[in-house]
Amino acid sequence: MTDTQSSRLAAETATGGSIVDVSFTVNGSATSVTVEARRTLSDVIREDCELTGTHLGCEHGVCGACTVLVDGQPSRSCLMLAAQAEGRDITTIEGLAGPDGELHPVQQAMMDAHGFQCAFCSPGFLMSTVALLDENPDPTSEEIREELSGNLCRCTGYQSIVDGVERAVKIMKGGSK
Amino acid sequence: MSANTSGLVGQSVKRVEDDRLLVGNGRYVADVNPPGVLHAVFLRSPLAHATITSIDATAARRAPGVVAIFTGSDMEAITHPFPPFAMQPDLYTPLYYCLSSTTVRMVGDPVALVLAESRHLAEDALELIEVDYEPLDTVASIAEGLSPTKPQLWEKANGNVLYDHVHTFAPGNESVDAVFAGADRVITERLSCPRQSNQPMETRGSVVEVDPDTGHMTIHNATQSSHMLRWIGAALTGKQSTREAAKGIIANKERRKAFLAGAKSFLKENAEGLKAQDNDGMKSQLKADKSFLKHANLIGVGLLGKDDYPDVVAQDIGGGFGAKGSIAREDVALIAAAGELGRSVKWIEDRVENLMDGGQAREEDLTLSIAVDDDGTFRGLKVDLVIDQGAYPGFPVGAPLASAIMKVMFPGSYNWDAFEMRSRIVATNKGKYVAYRGPWANETWARERMVDIVARALKMSPAEIRLKNLIGDDQMPTAMITGPKIDETMSTKKTLERALELLDIDQFERDRDTALAENHYLGLGIASYHEAAPGPPGYWECVNPGTETLLNEEAQATVETDGSVVVYTSQMPHGQSHETTYGQIVADELGVAIEDVKLVFGDTRRTPFSILGTGGSRGGPIGGGAMKYASRAVREQLVDAASKLLEADVADIEIVNGNVHVAGVPARGVTFAELIAQTAGDGFEATRSYRGKGDGGWSVATHACIVDVDLDTGKVTFPRYLVVEDCGPIINPAIVDGQVRGGVAQGIGAVLYERATYDDDANLQSATYMDYLIPTSMEIPEIEVHHMETLSPGGENDFRGVGEGGMIGAPAAITNAIEDALSPFGARITSQYLPPTKILELAGVISPD
Ligand code: FES
Ligand code: FES
């Protein structure tokens, strides 16, 4: 635990706030943290686990930038308390590429399609797309637009992102993953 | 010398940025956590207009984890107010501090800053600060801003109208009124655009890192302009007693000399521009409020007396669209607080704050009169514009600059005999008005809306009346009635002709009939315009004399001793993919692969100076031009050295894939590193600054869309949306398409979904994404982008900006299409915001409440 974390916890305890121990798996590694009970999963992923690829765009459940997979299901980590992650298996954008850095087909496809601009929204879109293709490996473009409508992007007008998903479908059908 | 050896310019090269961004390795400001950093939150006013009678932070200061609290008066003691910038005749710019101490003027006005061990603890402490407010009557609309009976927001202003000026352009023998009197008819309409907000997906944020040993500050910030933040940050937080400052000035003799030498050379280099500056602007400011002079002096003395200036390091930024071009009040408060405490501080704005105070735009009333002959010939244009600036002027650019650009661009690409525009700016108790992607865009919306209204009155088609009045190639070169030069790059008429070819009008008419059976009404809308991207030489002198000096961009290109290519820009990318497009330009110039080029940006310790950073569609033309010429100069140095080493003529030296050789014998070539080693150099380096040289400078487009209006629900969809754009030669087509589509998406949002809403007492009603609706993938259609790449006749670097145009054209094309769809009901569209209820009202399906 860093000094910053311990002084934060000490101060929190002084307010009477409760502290919890939580254990979960992040991108395949078993992780245990001691945190304030009111801390969200997104805060813990970003600050305690130091995985800053997950972004916060609204912190009220609308923009989808904070989407991570919890037991394979896309979930808004800004709306979950860290304590709710007890025993769960969490995947973030840092967990998509292979161990030798080989891009996940969805990442590769988004790169090929010029999917993003500022890319602040990209962790949410990537995780939602992985979940979508897991459930439905061959979606129509209508289905893609429908499924991704829970993620906001302010830069692209979405067309390049939809193109990216369609390319990912092709790559994945081609059997590279 | 052959320049484009690798030929990357013009190709949809994959983005260099994606290597880090798509794997979660971006470094946005929220990702920066210096050791021991304190977390900042602001206490904000719940009332739109009130006097603060007392503020007591005693209990909050004792709360667990709280390290410090600053109130408005604490900040007034250690900071300067924001000064006026780009003063104009008849404009008053109020001065204001980073926190408010005696009066709050908007919901969300910051009144105290809390610093604590965590954001939660800081937020807990907010509730313990006791503020007593005495509510004041509010100014909640443009009408109230114009009303003399409402309370005044700014003591030293004359009412709430802060600017009122008439610009007249009648180059012929006739006055504007005579032109109007001589025309067959005059058609007038009042149009209004409600408030919108930029809403980048990343909110604002700043981390001021303080070196515990030296006290030196490094500001990590989501800013569109790192150098401006550095200097304004230093200037406004450099408050010292005169005695302290004097001591500092004496002690820092060397720095003082360097500073004065820098200022002197700036004045010399820019003498012409500065001379052109309008001194009447300064007179207007001083007539209302002399305090600026005192503050300006103190700011100057404070800067000279300071031991050290902060540096700014801005890296990945999650969009800005103009909102991050402002220096925020919060930025100043954080720098001051970090300086006082000697500790690092971090503030990441939340979305509710961003919707309140992260920047709003476009709230404007526009009354237009067009004098026209019965055959459709435009004669004269009169505009009466009122901008609602909200409570605090955006710094440095906001409503005054938007109105100054509109005054130049309103006539658009048409011929006119006369033009007159009255502009007013009012203060109201709402969020601050900032530049938003094409800050002048409502000139295009209002004019193109009005052109359709005139066409309907004359029973002409919208295309016919445009083609009749647009300035064509046969008239070029010429000038706009407002001054800027026009050459063939102002290709508006050609983009319209192309769009008309691409539209299948007969098919549209058939679809229109079929749709009726299902209570759907189809409509077709077009809008044509040119925009300054960044405008031809002399353009900015027409907008606001003296500002052309600010346009400059500088780039540095280097080949280091190990042979690596590192280039430095004063641009501040925030989604535009500069690393890729500049990489393409440099790779082509130097004959290397794009992977071999590293772009350094955003770090004031390393990048050349520019006050503006990224904004104003200057990245391609000006920043890209500087980059091209800096790398070309380095190429010349490489070739020169190689010709000596290889004993060959300069003209015979080629560089391919980083191999420098005599043409035809690559096997006997050398790498950059070998060349440097063997010619005993320290590497190569060149710096170039660029401002555009006869490059046309216009970006042009016609938008054409077909809307489908469902009269059961009021929902509007787009069976077809096409853009024919001309930004000159394209560096990277995929990136250009992305910029255009993103802009159109914001235009669709503006018309159908987005509105920053306030009630009658100026309380914000749209403080979350449940109420401020950003369109999703379900609402934005496929957008066809067609390119024309007109070259300028005399230019030398023909890239033109493309970041703003999508948003400029879309609201006009969409509202025109909706009026066309609802023409069976005689609907007249005068508002830019058309949610479903409004659509149903216009069609008479429901009645207005
Ligand atoms: S940050 Fe979680 S949905 Fe926006
Ligand atoms: S790419 Fe910027 S928000 Fe999506």
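In what follows, chains are A, B, ... by sequence order, proteins preceding strands, each numbered from 1. Both backbone and side-chain heavy atoms feed into the values below; hydrogens, waters and symmetry mates do not. All figures in this text were calculated on a predicted structure; none of them were measured in a lab.
- Per-residue counts of heavy-atom pairs under 4.5 Å with chain A were compared for Lys14(B), Glu117(B), Arg119(B), His39(B); the largest is that of Lys14(B).
- Within the 4.5 Å cutoff, no side-chain heavy atoms of Val62(A) are placed close to those of Thr768(B).
- Contact annotation for Ser12(B): both backbone and side-chain heavy atoms come within less than 4.5 Å of a heavy atom of chain A.
- Distance check: Ser777(B) OG to Glu147(A) CD gives 9.5 Å after rounding to the nearest 0.5 Å.
- In this structure, CZ on Phe120(A) lies 5.0 Å from CD on Glu202(B), to the nearest 0.5 angstrom.
- Atom CD of Glu135(A) is surrounded by 12 or fewer heavy atoms from other residues, nucleotides or ligands within 6.0 Å.
- In terms of heavy-atom pairs under 4.5 Å with chain B, the best-connected choice from Arg38(A), His60(A), Glu142(A), Gln107(A) is Arg38(A).
- Annotation for Thr156(A) and Arg741(B): closest pair O-CB, 3.7 Å, computed over non-hydrogen atoms.
- The greatest number of non-hydrogen atom pairs below 4.5 Å with chain B, out of Glu146(A), Gln108(A), Met110(A), is found for Glu146(A).
- Checked by atom type and distance alone, the side chain of Arg351(B) never pairs as donor or acceptor with a backbone atom of Leu56(A) at under 3.5 Å.
- Atom CD of Glu123(B) has more than 12 heavy atoms from other residues, nucleotides or ligands within 6.0 Å.
- Heavy-atom distances place the backbone of Pro781(B), and not its side chain, under 4.5 Å from chain A.
- The main-chain N or O of Gly738(B) is found under 3.5 Å from a side-chain atom of Gln117(A) such that the two form a donor-acceptor pair.
- Proximity to chain A is limited to the backbone of Ile317(B), based on heavy atoms less than 4.5 angstrom apart.
- Looking only at heavy-atom pairs under 4.5 Å with chain A, the residue among Gln746(B), Gln739(B), Glu779(B) that has the most is Gln746(B).
- At least one side-chain heavy atom of His114(A) sits under 4.5 Å from a side-chain heavy atom of Asn732(B).
- Your options are Gly53(A), Ala119(A), Ala10(A), and the one with the most heavy-atom pairs under 4.5 Å with chain B is Ala119(A).
- Ranked by non-hydrogen atom pairs under 4.5 Å with chain A, the options Glu754(B), Glu17(B), Arg27(B) are led by Glu754(B).
- In this structure, Ile780(B) CD1 and Ile161(A) CD1 are separated by 11.5 Å, a value rounded to the nearest 0.5 Å.
- Residue Glu50(A) places its CD atom among 12 or fewer non-hydrogen atoms of other residues, nucleotides or ligands, all under 6.0 Å distant.
- With a 4.5 Å cut-off on non-hydrogen atoms, Asp124(B) touches chain A through its side chain but not through its backbone.
- Taking chain B as the reference chain and counting heavy-atom pairs below 4.5 Å, the highest number among Met111(A), Glu59(A), Glu94(A) is found for Met111(A).
- No part of Leu355(B) comes within reach of chain A, as not one of its non-hydrogen atoms sits under 4.5 angstrom from that chain.
- Listed options Gly743(B), Ala30(B), Gly742(B) were ranked by heavy-atom pairs under 4.5 angstrom with chain A; first place goes to Gly742(B).
- Of the atoms belonging to Asp350(B), heavy atoms from both backbone and side chain fall under 4.5 Å from chain A.
- Across every non-hydrogen atom of Ala745(B) and Gly157(A), the tightest pair is CB-CA, 3.6 Å.
- Counting only heavy atoms from C-beta outward, the side chains of Leu96(A) and Val23(B) never approach each other to under 4.5 Å.
- At distances below 3.5 Å, not a single donor-acceptor pair connects side-chain atoms of Tyr158(A) with backbone N or O atoms of Glu782(B).
- Within the 4.5 angstrom heavy-atom criterion, only backbone atoms of Val13(B) (N, CA, C, O) approach chain A.
- With a 4.5 Å cut-off on non-hydrogen atoms, Leu148(A) touches chain B through its backbone and its side chain both.
- Taking a cutoff of 4.0 Å between a charged side-chain nitrogen and a carboxylate oxygen, Arg46(A) and Asp31(B) qualify as a salt bridge.
- Between chain A and the residues His120(B), Met778(B), His574(B), the largest count of heavy-atom pairs under 4.5 Å involves His120(B).
- Ion pairing of Asp112(A) with Arg15(B) is absent here, as no side-chain N (NZ or NE/NH1/NH2) approaches a carboxylate O to less than 4.0 Å.
- Between Ser122(A) atom OG and Leu22(B) atom CG the span is 5.5 Å, to the nearest 0.5 Å.
- With hydrogens and angles left out, the side-chain atoms of Gln199(B) and Arg154(A) include no donor and acceptor closer than 3.5 Å.
- With a 4.5 angstrom heavy-atom cutoff, Tyr769(B) touches chain A via backbone and side-chain atoms both.
- To the nearest 0.5 Å, atoms CE (Met201(B)) and SG (Cys118(A)) are separated by 8.5 Å.
- For Ala65(A), no part lies under 4.5 angstrom from a heavy atom of chain B.
- The SG atom of Cys58(A) sits 15.0 Å away from the OH atom of Tyr772(B) when rounded to the nearest 0.5 Å.
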